[in-house]
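Read through the structure below, which is laid out as structure tokens, and then see the notes.
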Amino acid sequence: MADVEVSRDGAVQTITLNRPEKMNAFTRGMHGEIRAALKEARDAEVRAVVITGAGRAFCAGQDLTEFGEGGDVGASLRETYHPNVHALRALEKPVIAAVNGACAGAGLSFACACDIRIAADSASFVPGFVGIGLVPDAGGTYFIHRLLGSSRAFEWMSSNRRLTAAEAHAWGLVSEVVEADALAARSAELAAFYAALPTRAIGMTKRLFDHADTATLDEQLEHEAQLQAVAAQSDDFREGVAAFLEKRPPRFSGR
Ligand code: LHQ
């Protein structure tokens with residue numbers, strides 16, 4: 001069995017971290033498999049992606065049995081984690097993290113690099129890093145302070161407090177919490193909903209929000225104008241307007 005499983009159901013691709021006996025902790029080999037899966041997700045036929053974990057964890061972060069003393073940790077992060085974080089953000093389609101259980105360290109960073117997070121009621125969120133004397137990496141400081149605000153992000157990441165799914169929902173870290181048995185069905189339903197939307201517009205909305213983090217108002221207005229010019233050329237824009245005027249539900253193709 002692969003350590004990362006990829007399946008396709010219609011326009012939805014599911015990527016399952018699959019080392020349940022090790023809480024899906026990341027190994028060097030898994031990064032390559034995730035990279036290949038995210039490359040496959042670029043296929044225009046894929047219009048939404050779900051990332052989840054097998055067994056009782058989402059991902060416990062770096063496999064600490066593989067990560068010994070010595071070696072160039074910075075180089076290892078640049079080689080293994082960074083390309084996948086970039087690939088997630090560059091995917092011009094919605095990526096849903098279906099957090100089925102413990103989510104810690106770089107696993108937490110990875111979930112936070114996704115566009116939408118839903119969680120099982122049994123899930124928990126653990127910074128992890130400070131517990132072993134490290135700083136958050138794999139984009140953790142970037143995404144978590146944007147999601148939670150600096151004050152809460154710092155308090156949480158520096159205290160290493162284990163957050164329940166209900167607390168994560170109250171903080172806005174996850175958008176929804178469902179019973180553990182219902183997570184797979186609910187994430188499939190949510191992904192199918194997103195996969196039926198105008199994918200190019202969704203992808204460009206993602207790009208615009210990422211750009212907004214560092215842009216001035218003038219830069220952002222210009223970026224919006226440029227991408228709107230592209231969206232206005234799409235089949236989905238034509239279909240959306242036609243459906244509105246004909247008072248019928250739109251049938252978006254993602255083109
Ligand atoms: C594990 C792990 C794990 C191996 C649980 N590795 N076995 C990247 C690259 C380079 C440099 C450094 O940084 C990074 C990024 C990082 O991700 S650093 C942060 C790494 N992650 C952590 O520090 C989290 C460590 N794990 C935990 O805090 C807990 O185990 C969590 C919250 C994940 C789960 O807690 P519980 O549900 O209470 O389970 P448990 O603690 O009893 O663990 C179950 C088993 O899983 C246990 O093994 P055992 O043989 O006793 O059953 C753990 O040793 C193993 N495990 N995380 N990261």
Side-chain angles (χ1 to χ4, degrees), residues 1-4 15-35 38 51-89 97-114 117-148 153-169 171 173-174 177 179-181 183:
M1 291 285 272
D3 288 344
V4 176
I15 301 173
T16 305
L17 307 176
N18 188 36
R19 293 180 75 225
E21 71 291 354
K22 296 286 178 189
M23 304 200 89
N24 305 317
F26 289 128
T27 58
R28 181 167 273 275
M30 276 171 84
H31 293 291
E33 291 183 53
I34 294 169
R35 199 166 316 166
L38 293 175
I51 302 183
T52 193
R56 72 179 185 93
F58 175 76
C59 174
Q62 171 65 33
D63 187 323
L64 295 173
T65 62
E66 190 182 78
F67 165 61
E69 280 184 30
D72 185 340
V73 173
S76 156
L77 284 166
R78 286 180 207 105
E79 258 171 55
T80 55
Y81 286 88
H82 295 193
N84 287 336
V85 172
H86 280 302
L88 271 177
R89 295 313 310 154
V99 182
N100 53 301
C103 178
L108 174 64
S109 304
F110 205 64
C112 290
C114 295
R117 280 156 294 285
I118 66 171
D121 54 6
S122 54
S124 60
F125 297 80
V126 181
F129 303 99
V130 72
I132 53 171
L134 291 179
V135 300
D137 61 22
T141 55
Y142 184 93
F143 296 112
I144 293 167
H145 106 92
R146 278 168 175 75
L147 288 167
L148 299 181
F154 178 79
E155 182 276 328
W156 184 38
M157 297 310 280
S158 61
S159 68
N160 207 24
R161 186 156 84 78
R162 189 176 194 132
L163 220 61
T164 63
E167 287 171 311
H169 187 234
W171 282 13
L173 190 66
V174 302
V177 178
E179 282 182 18
D181 288 350
L183 183 71

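What you are looking at is a predicted structure, and each value in this text was computed from that prediction instead of being measured. Every number for a ligand or one of its atoms is a count from 1 in the order of the listing.
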Ignoring hydrogens and angles, write down the donor-acceptor pairs under 3.5 Å from the side chains of residues 120-127, residues two or more places apart or on other chains.
{"unit_1": "Asp121", "atom_1": "OD1", "unit_2": "Ala180", "atom_2": "N", "d": "3.2"}
{"unit_1": "Ser124", "atom_1": "OG", "unit_2": "Arg162", "atom_2": "NE", "d": "3.3"}
{"unit_1": "Ser124", "atom_1": "OG", "unit_2": "Arg162", "atom_2": "NH2", "d": "3.3"}

_Under 3.5 Å: donor-acceptor pair, side chain of Arg19, backbone of Ala25_ = yes
*Ignoring hydrogens and geometry, is there a side-chain-to-backbone donor-acceptor pair from Arg117 to Val99 under 3.5 Å?*
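No, Arg117 side chain to Val99 backbone: no donor-acceptor pair under 3.5 Å.
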*All side chain to side chain contact (heavy atoms under 4.5 Å, CB included) counterparts of Glu167, not counting sequence neighbours*: Arg161, Leu163, Thr164
Which protein N or O atoms sit under 3.5 Å from any N or O of ligand 1? Give each pair with its distance.
{"unit_1": "ligand 1", "atom_1": "6 (N)", "unit_2": "Leu64", "atom_2": "N", "d": "2.9"}
{"unit_1": "ligand 1", "atom_1": "13 (O)", "unit_2": "Asp137", "atom_2": "OD2", "d": "3.1"}
{"unit_1": "ligand 1", "atom_1": "17 (O)", "unit_2": "Gln62", "atom_2": "N", "d": "2.8"}
{"unit_1": "ligand 1", "atom_1": "17 (O)", "unit_2": "Ala106", "atom_2": "N", "d": "2.9"}
{"unit_1": "ligand 1", "atom_1": "21 (N)", "unit_2": "Ala60", "atom_2": "O", "d": "2.9"}
{"unit_1": "ligand 1", "atom_1": "37 (O)", "unit_2": "Arg56", "atom_2": "NH1", "d": "3.1"}
{"unit_1": "ligand 1", "atom_1": "37 (O)", "unit_2": "Arg162", "atom_2": "NH2", "d": "3.4"}
{"unit_1": "ligand 1", "atom_1": "39 (O)", "unit_2": "Arg56", "atom_2": "NH2", "d": "3.4"}
{"unit_1": "ligand 1", "atom_1": "58 (N)", "unit_2": "Ala60", "atom_2": "O", "d": "3.1"}
{"unit_1": "ligand 1", "atom_1": "58 (N)", "unit_2": "Gln62", "atom_2": "O", "d": "2.8"}

*asked:* Suppose we screen for ring-ring contact (aromatic ring centres under 6.0 Å, His included). Which residues come up paired with Phe143, at least two apart in sequence or across chains?
replied: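 Not a single residue meets the ring-ring contact (aromatic ring centres under 6.0 Å, His included) criterion with Phe143.
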*Answer yes or no: are there more than 12 heavy-atom neighbours, outside Glu21 itself, under 6.0 Å from its atom CD?*
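More than 12 within 6.0 Å, yes.
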